[in-house]
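Take a look at the structure set out below.
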Amino acid sequence: MDTKRAKKFQEELKKKVRIVPLKKVITCVAGVDAAFFGDKGERIIGAACLFRYPELTLIDTSYRIKKTTFPYIPGYLSFREGPVITEALKGLKKRPDICLFDGQGIAHPRGLGIASHIGVTLGIPTVGCAKSRLVGEYTGPGPKKGESSLLVFEGRTVGAVLRSRDKVRPLFVSPGHRIDLEGALRIVKGCLGRYRVPEPLRCADLLTKKIKREEAAPHS
DNA sequence: GCGACAG
DNA sequence: ATCTTGTCGC
């Protein structure tokens with residue numbers, strides 16, 4: 001798969017993305033993340049953590065390891081991390097009502113960030129929650145936790161810039177699939193604990209690092 | 001050609 | 001993402 005085909009693939013999948021209000025009540029939320037290891041980062045770890053919502057108690061975790069097959073190219077992150085994350089998600093005992101991603105939803109050059117891509121692929125609601133911007137213009141949100149401003153790209157509101165804690169650098173929230181911006185913001189805010197990153201994503205990130213340490217140490 | 005550019 | 005300890009700021 002080269003970037004030319006990947007681009008065509010994104011343009012086709014984008015047609016299936018649905019930005020609509022959430023109807024079903026959310027009972028559980030999953031967070032996913034990926035990490036690399038090996039001399040050249042030739043192996044990738046995908047992790048998924050499922051939380052009861054809105055209690056935010058951990059229900060289940062899952063992870064998978066695969067060989068890295070696609071390089072990191074801005075705009076094509078889903079081709080690098082999507083496969084292993086999808087497998088990790090399928091390893092969860094229960095199918096999540098919604099899933100949070102460490103990356104963009106529709107706030108993407110072709111409207112198909114990793115959250116939207118995997119959302120369409122698995123047919124589940126997803127939310128993009130990135131730590132930095134890929135596309136779009138915005139004015140910084142207020143300094144208090146919970147304050148947000150709009151992220152606009154090519155004249156369209158594609159997401160929001162959210163202050164997840166007092167002062168810290170804001171998060172870039174955008175709908176992935178089967179949800180709208182209001183719903184995406186509501187869920188992300190509902191997943192915030194004492195850190196900048198929402199609990200499900202933080203848990204997946206920690207799991208990813210834990211597995212990496214175990215993998216680096218001698219097996220037995 | 002130059003700068004931008006999720007993880 | 002990853003390489004990495006102490007350290008400046010709130």
Side-chain angles (χ1 to χ4, degrees), chain A residues 3 6-7 9-10 13-14 17 31-48 63-86 88-89 99-120 126-138 140 142-145 151-154 158-177 181 184 188 194-198 200-213 215-216:
Chain A
T3 56
K7 182 178 178 182
F9 195 84
Q10 294 180 323
L13 260 198
K14 169 181 164 49
V17 175
V32 295
D33 191 25
F36 302 81
F37 69 100
D39 296 311
K40 301 177 182 177
E42 67 274 22
R43 310 207 76 194
I44 180 174
I45 303 170
Y63 78 88
R64 288 291 185 284
I65 295 177
K66 290 172 65 72
K67 287 188 176 181
T68 303
T69 62
F70 202 90
Y72 170 66
I73 300 173
Y76 298 92
L77 179 66
S78 58
F79 293 91
R80 180 171 170 77
E81 305 186 349
V84 72
I85 282 177
T86 294
L89 273 172
C99 184
L100 265 45
F101 285 75
D102 196 334
Q104 315 293 342
I106 62 172
H108 174 278
R110 289 167 292 289
L112 197 84
I114 190 170
S116 301
H117 185 145
I118 306 304
V120 170
T126 57
V127 174
C129 187
K131 297 186 291 300
S132 61
R133 182 200 79 106
L134 176 57
V135 298
E137 308 80 47
Y138 66 95
K144 285 179 155 188
K145 173 178 180 177
L151 179 63
V152 179
F153 179 54
E154 296 181 332
V158 296
V161 185
L162 173 68
R163 194 76 67 184
S164 54
R165 286 198 63 191
D166 285 358
K167 297 187 178 179
V168 304
R169 281 180 302 139
L171 253 28
F172 294 75
V173 179
S174 61
H177 182 53
L181 181 55
V188 170
R194 66 178 293 192
Y195 301 92
R196 180 169 85 115
V197 176
L201 286 181
R202 205 176 94 81
C203 180
D205 179 56
L206 291 176
L207 175 55
T208 235
K209 291 172 181 171
K210 176 185 177 186
I211 301 304
K212 188 195 294 188
R213 287 197 302 273
E215 213 60 34

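Throughout, a chain's letter reflects where its sequence line sits, starting with A, and its residues are numbered from 1.
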Would you say [X] places a side-chain N or O within less than 4.0 Å of OP1 or OP2 belonging to [N]?
X: A/Arg133; N: B/dC5; result: yes
X: A/Ser132; N: B/dG7; result: yes
X: A/Lys131; N: B/dG7; result: yes
X: A/Lys212; N: C/dA1; result: no

Just to be sure I understand the rule, does [X] reach a base, reach only the sugar-phosphate, or reach nothing, if contact means heavy atoms closer than 4.0 Å?
X: A/Tyr76; answer: base
X: A/Gly75; answer: base
X: A/Glu81; answer: sugar-phosphate

When Watson-Crick pairs (N1 to N3 and N6-O4 or O6-N4) and G-U wobble pairs (N1-O2 and O6-N3) count only below 3.5 Å on both distances, what is the dot-bracket string of DNA chain B, with | for other-strand pairs? .......

Rounding to a whole Å, what distance do you find between [X]:[atom1] and [N]:[atom2]?
X: A/His108; N: B/dG7; atom1: NE2; atom2: P; value: 13 Å
X: A/Ile73; N: C/dA1; atom1: CD1; atom2: P; value: 18 Å
X: A/Leu201; N: B/dG7; atom1: CG; atom2: P; value: 11 Å
X: A/Leu151; N: B/dA6; atom1: CG; atom2: P; value: 13 Å
X: A/Arg110; N: B/dA6; atom1: CZ; atom2: C1'; value: 12 Å
X: A/Leu77; N: B/dG7; atom1: CG; atom2: P; value: 8 Å
X: A/Leu134; N: B/dC5; atom1: CG; atom2: P; value: 9 Å
X: A/Phe172; N: B/dC5; atom1: CZ; atom2: P; value: 10 Å

Determine whether the aromatic ring of A/Tyr72 stacks with the base of B/dG7, defined as ring centroids separated by less than 5.5 Å and ring planes inclined by less than 30°. yes

Do you know which of A/Asp33, A/Asp102, A/Asp205 makes salt bridge (charged side-chain N to carboxylate O under 4.0 Å, His left out) with A/Lys131? A/Asp102

Could you pick out which residue, A/Lys167 or A/Asp205, lies toward the 5' side of DNA chain C when each is mapped onto its nearest nucleotide? A/Asp205

Would you call the rings of A/Phe172 and A/Tyr138 parallel, tilted or perpendicular, where under 30° means parallel and over 60° means perpendicular?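 Rings of A/Phe172 and A/Tyr138: perpendicular, as their planes differ by over 60°.
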
Between the side chain of A/Thr68 and the main-chain N/O of A/Gly41, is any donor-acceptor distance below 3.5 Å? yes

Say whether, by atom type as modelled, one donor and one acceptor occur between the side chain of A/Gln10 and the main chain of A/Gly111 under 3.5 angstrom.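 Not confirmed, A/Gln10 side chain does not pair with A/Gly111 backbone.
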
Are any non-hydrogen side-chain atoms of A/Val158 and A/Ser174 less than 4.5 angstrom apart? no

Side-chain touch A/Pro83/A/Lys66, heavy atoms, less than 4.5 angstrom: yes

Across all chains, not counting sequence neighbours, the side chain to side chain contact (heavy atoms under 4.5 Å, CB included) partners of A/Arg43 are A/Phe37, A/Ile65

